Student: 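Attaching a single structure in structure tokens format; questions to follow.
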Amino acid sequence: MIRPRLLLRLITIQWVLSRHGLDELLFATPWFKPMRFLLWLSPWRLLGHTRRRPRGERLRLALEELGPIFVKFGQALSTRRDLLPDDISDELARLQDRVPPFPGPQARGLIEKSLGKPVGELFLDFDETPLASASIAQVHPARLKDGREVVVKVVRPNILPVIERDLEILHTLAFLAEKASREARRLHPVDVVREFDTTLHDELDLVREAANCAQLARNFQNSPLLHVPAIDWDFSQPNVMVQERIRGIPINDMAGLRTANINMKALAERGVEIFFTQVFTHNFFHADMHPGNIFVSRETPDAPRYMAVDFGIMGALTPDDQRYLAENFHAFFNRDYRRVAELHIESGWVPSDTRVNDFEAAIRTVSEPIFQRPLREISFGHFLLRLFQTARRFNMEVQPQLVLLQKTLLNVEGLGRQLYPDLDLWTTAKPFIERWMRERIGPKAALNTLKAELPRLLAMLPELPRLTHEALAAQRRQAELLARQADELRALRRDLERGRRMTLRLVLLGAGLALLALGMTGLGNI
């Protein structure tokens with residue numbers, strides 16, 4: 001049962017879509033399709049106001065009005081230019097850092113309240129005009145007293161109740177979907193929304209983001225691939241964060257990249273390398289890599305260096321998921337579709353009774369046509385769609401813990417498509433995966449594990465005789481217990497057998513007495 005408050009929000013969503021001329025989106029769904037005639041009764045349609053703006057602009061404005069969750073949905077869509085018309089992609093790209101800001105004086109007040117001092121005492125300069133404004137927070141340029149240039153990130157005021165309301169709607173709809181549809185249960189919407197809920201709340205805590213930033217900076221310390229801005233911990237609180245200001249070229253500023261003579265092929269290849277390094281070497285990856293968060297340094301244009309911001313959403317994998325994923329990539333790159341099928345079964349991603357031969361053939365059918373083709377001729381969106389449609393036949397379930405990784409991989413592909421469409425993703429990624437496999441699986445991996453475990457083994461060595469004695473004693477006690485239980489079981493079985501025989505005798509005796517009585521009755525009648 002949807003509560004009145006949530007029902008009111010759903011009505012509001014429909015109202016906003018209608019006002020921006022997007023009500024056909026709702027009436028295209030199966031639930032509302034029979035009522036499409038109501039579209040023609042919309043006052044905005046009758047007055048003709050909704051068609052005066054381009055459709056992409058109308059969609060962007062509607063998402064902005066509906067709030068941060070819907071803005072984030074638009075951000076995710078904006079990276080998939082192969083799935084959307086250019087006019088819609090261009091407008092949704094504006095959601096990356098052009099969400100309408102909240103007033104500068106209000107940001108100043110929030111900073112002063114959080115840090116406990118007037119802005120004039122904290123900074124040499126502070127600009128109330130934001131550099132960028134996003135769905136969760138906005139960023140203001142400033143200069144510290146020691147002259148360092150920084151940016152001040154401030155969480156939007158009173159945003160938590162808005163997020164909680166829309167998350168409640170998503171949780172309710174996901175629950176209802178799982179109850180109503182077997183297909184929806186396969187996609188685990190409740191788990192997916194729960195993951196989204198967690199990541200969204202993580203974004204609201206800027207101390208957590210600062211810690212993520214510091215960890216990523218350590219992972220890429222002195223790396224020529226990626227620069228991560230430094231955090232100023234003295235001025236960082238849950239709703240305010242101060243960090244080094246970077247001056248790079250936005251990754252989607254193609255004209256600026258060409259003017260700076262950036263090697264686009266190297267830039268695209270380094271992007272792929274950064275992704276695989278984060279996922280498989282560090283197991284800690286930036287999971288919000290939309291164009292508004294990625295910049296390129298003007299230094300060393302022949303060996304371009306990425307610069308990242310916004311570390312509110314980070315991802316990590318369990319060791320099992322990491323290994324299975326790496327083995328899947330390795331098998332896929334080598335076109336070993338049988339191993340891909342086996343790994344899906346071993347990991348529990350498809351039911352254990354799945355026929356390997358059939359699943360292998362289905363994967364080959366989808367995958368084989370895309371090999372040895374440049375990125376410009378491959379749509380991962382369409383490829384994944386076909387792969388999921390094929391896997392649906394085998395009851396493959398969505399893995400919520402991999403949703404962030406899938407989103408990041410699609411972002412990386414979207415960036416690569418823009419930077420260097422001829423990038424051969426397979427050739428770039430395959431050596432990295434093969435190196436990881438050599439280091440983590442096989443003799444070298446076993447040797448590394450032994451080296452890592454050796455200090456602990458040496459520490460346990462003096463205790464080995466005692467542990468051995470205790471293990472043997474425990475084994476002896478277990479054997480004695482099992483022997484006693486076996487004796488008790490045999491005795492119980494003998495008792496049951498005696499009882500069964502006694503019961504049978506009583507039954508036979510009763511039957512004999514009954515026959516005797518019947519015979520006596522017959523003689524008496526004679």
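What you see is a predicted model; the values in this text were computed from it and never measured.
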Student: Can you tell me how far the NE2 atom of His171 sits from the CG atom of Asp166, to the nearest 0.5 Å?
Tutor: 11.5 Å
Student: Okay, side chain of Asp253, backbone of Ile249: is any donor-acceptor separation there less than 3.5 Å?
Tutor: no
Student: About how many Å separate CZ of Arg108 and CG of Leu122, when rounded to the nearest 0.5 Å?
Tutor: 10.0 Å
Student: Between Val154 and Phe102, is any pair of side-chain heavy atoms under 4.5 Å apart?
Tutor: yes
Student: Pairing donors with acceptors under 3.5 angstrom, does anything connect the side chains of Gln215 and Arg218?
Tutor: yes
Student: Between Ile163 and Ile136, is any pair of side-chain heavy atoms under 4.5 Å apart?
Tutor: yes
Student: When you measure from the side chain of Asn283 to the backbone of Leu317, do you find a donor-acceptor pair of N or O atoms at a distance under 3.5 Å?
Tutor: yes
Student: If we only count heavy atoms from C-beta on, is the Ile246 to Pro229 side-chain gap below 4.5 Å?
Tutor: yes
Student: Which heavy atom of Leu110 sits nearest a heavy atom of Asn239, and at what distance?
Tutor: O-ND2, 4.5 Å
Student: Does Thr277 use its side chain to pair, donor to acceptor, with the backbone of Glu273 at less than 3.5 Å?
Tutor: yes
Student: Identify the heavy atoms of Val139 and Lys153 that sit nearest to each other, and give their distance.
Tutor: CG2-CG, 4.1 Å
Student: Taking all heavy atoms of Asn212 and all of Gly312, pick out the closest pair and write down the distance.
Tutor: ND2-O, 4.2 Å
Student: Only one of Val155, Ile111, Val207 clears side-chain contact (heavy atoms from CB on, under 4.5 Å) with Val240; which?
Tutor: Ile111
Student: To the closest 0.5 Å, what do you measure between CG (Asp234) and CG (Leu115)?
Tutor: 10.0 Å
Student: I'd like to know whether the aromatic ring centres of His282 and Phe220 sit less than 6.0 Å apart in this structure.
Tutor: yes
Student: Just wondering, more than 12 heavy atoms not from Gln106 lying within 6.0 Å of its CD?
Tutor: yes
Student: With no hydrogens and no angle check, is any side-chain donor or acceptor of Arg298 less than 3.5 Å from a backbone partner on Leu257?
Tutor: no
Student: For the pair Glu112 and Lys117, find out whether any cationic side-chain nitrogen is under 4.0 Å from an anionic carboxylate oxygen.
Tutor: no
Student: Thinking salt bridges, do Glu149 and Arg247 make one under a 4.0 Å N-O criterion?
Tutor: yes
Student: I'd like to know if Lys145 pairs up with Glu121 as an ion pair, taking the criterion as any Lys NZ or Arg NE/NH1/NH2 lying under 4.0 Å from an Asp or Glu carboxylate oxygen.
Tutor: no
Student: Taking Phe284's backbone N and O only, do any of them form a donor-acceptor pair with Asn219's side chain (distance below 3.5 Å, no angle check)?
Tutor: no
Student: Would you say Arg245's side chain and Val152's backbone share a donor-acceptor pair under 3.5 angstrom?
Tutor: no
Student: Calculate, to the nearest 0.5 Å, the distance between atoms CG and CG belonging to Asp197 and Asp202 respectively.
Tutor: 9.5 Å
Student: Do His140 and Phe126 have ring centres separated by under 6.0 Å?
Tutor: yes
Student: Is there a side-chain contact (heavy atoms from CB on, under 4.5 Å) between Phe235 and Leu144? Walk through the geometry before answering.
Tutor: CA-CA 10 Å; Phe235 299 111; Leu144 295 176; 3.9 Å; yes
Student: Verify, without hydrogens or angle tests, whether Arg156 (side chain) and Ala134 (backbone) share a donor-acceptor contact under 3.5 angstrom.
Tutor: yes
Student: Looking only at heavy atoms, which two atoms of Ala260 and Pro301 are closest? And how far apart?
Tutor: O-CB, 3.6 Å
Student: Exactly one of Asp125, Asp127, Asp232 should register a salt bridge (Lys or Arg N to Asp or Glu O under 4.0 Å) with Arg143. Which one does?
Tutor: Asp125
Student: Please walk me through it: do Val228 and Leu226 pass side-chain contact (heavy atoms from CB on, under 4.5 Å)?
Tutor: CA-CA 7 Å; Val228 180; Leu226 179 66; 4.0 Å; yes
Student: Indicate the atoms forming the closest heavy-atom contact of Gly248 with Phe295, along with that distance.
Tutor: O-CD2, 3.9 Å
Student: Using every non-hydrogen atom in the two residues, find where Ile251 and Met254 come nearest and quote the distance to one decimal.
Tutor: O-SD, 4.2 Å
Student: Okay, side chain of Gln278, backbone of His286: is any donor-acceptor separation there less than 3.5 Å?
Tutor: yes
Student: Taking side chain as C-beta onward, heavy atoms only, is Glu327 less than 4.5 Å from Val340?
Tutor: no
Student: Check whether any side-chain heavy atom of Glu244 sits under 4.5 Å from a side-chain heavy atom of Arg148, and report yes or no.
Tutor: no
Student: Starting at CG of Leu160, measure out to CG of Asn158 and round the result to the nearest 0.5 Å.
Tutor: 9.5 Å
Student: Please step through side-chain contact (heavy atoms from CB on, under 4.5 Å) for the pair His201 and Leu167, ending with a clear verdict.
Tutor: CA-CA 10 Å; His201 278 89; Leu167 282 173; 3.5 Å; yes
Student: Side chains of Met241 and Trp233: closer than 4.5 Å at any heavy-atom pair?
Tutor: no
Student: State, yes or no, whether a side-chain contact exists between Pro105 and Glu128 at a heavy-atom distance under 4.5 Å.
Tutor: yes
Student: Let's go through Glu209 and Glu203 carefully: what are the C-alpha distance in whole Å and the side-chain angles of both, what is the deciding distance for side-chain contact (heavy atoms from CB on, under 4.5 Å) to 0.1 Å, and is it a yes or a no?
Tutor: CA-CA 7 Å; Glu209 178 178 342; Glu203 281 193 86; over 6 Å; no
Student: Is any side-chain heavy atom of Asp205 closer than 4.5 Å to a side-chain heavy atom of Pro238?
Tutor: yes
Student: Report the distance from atom CG of Leu419 to atom CG of Leu267, rounding to the nearest 0.5 Å.
Tutor: 5.0 Å
Student: Check whether any side-chain N or O of Tyr306 sits under 3.5 Å from a backbone N or O of Ser297 as a donor-acceptor pair, and report yes or no.
Tutor: no
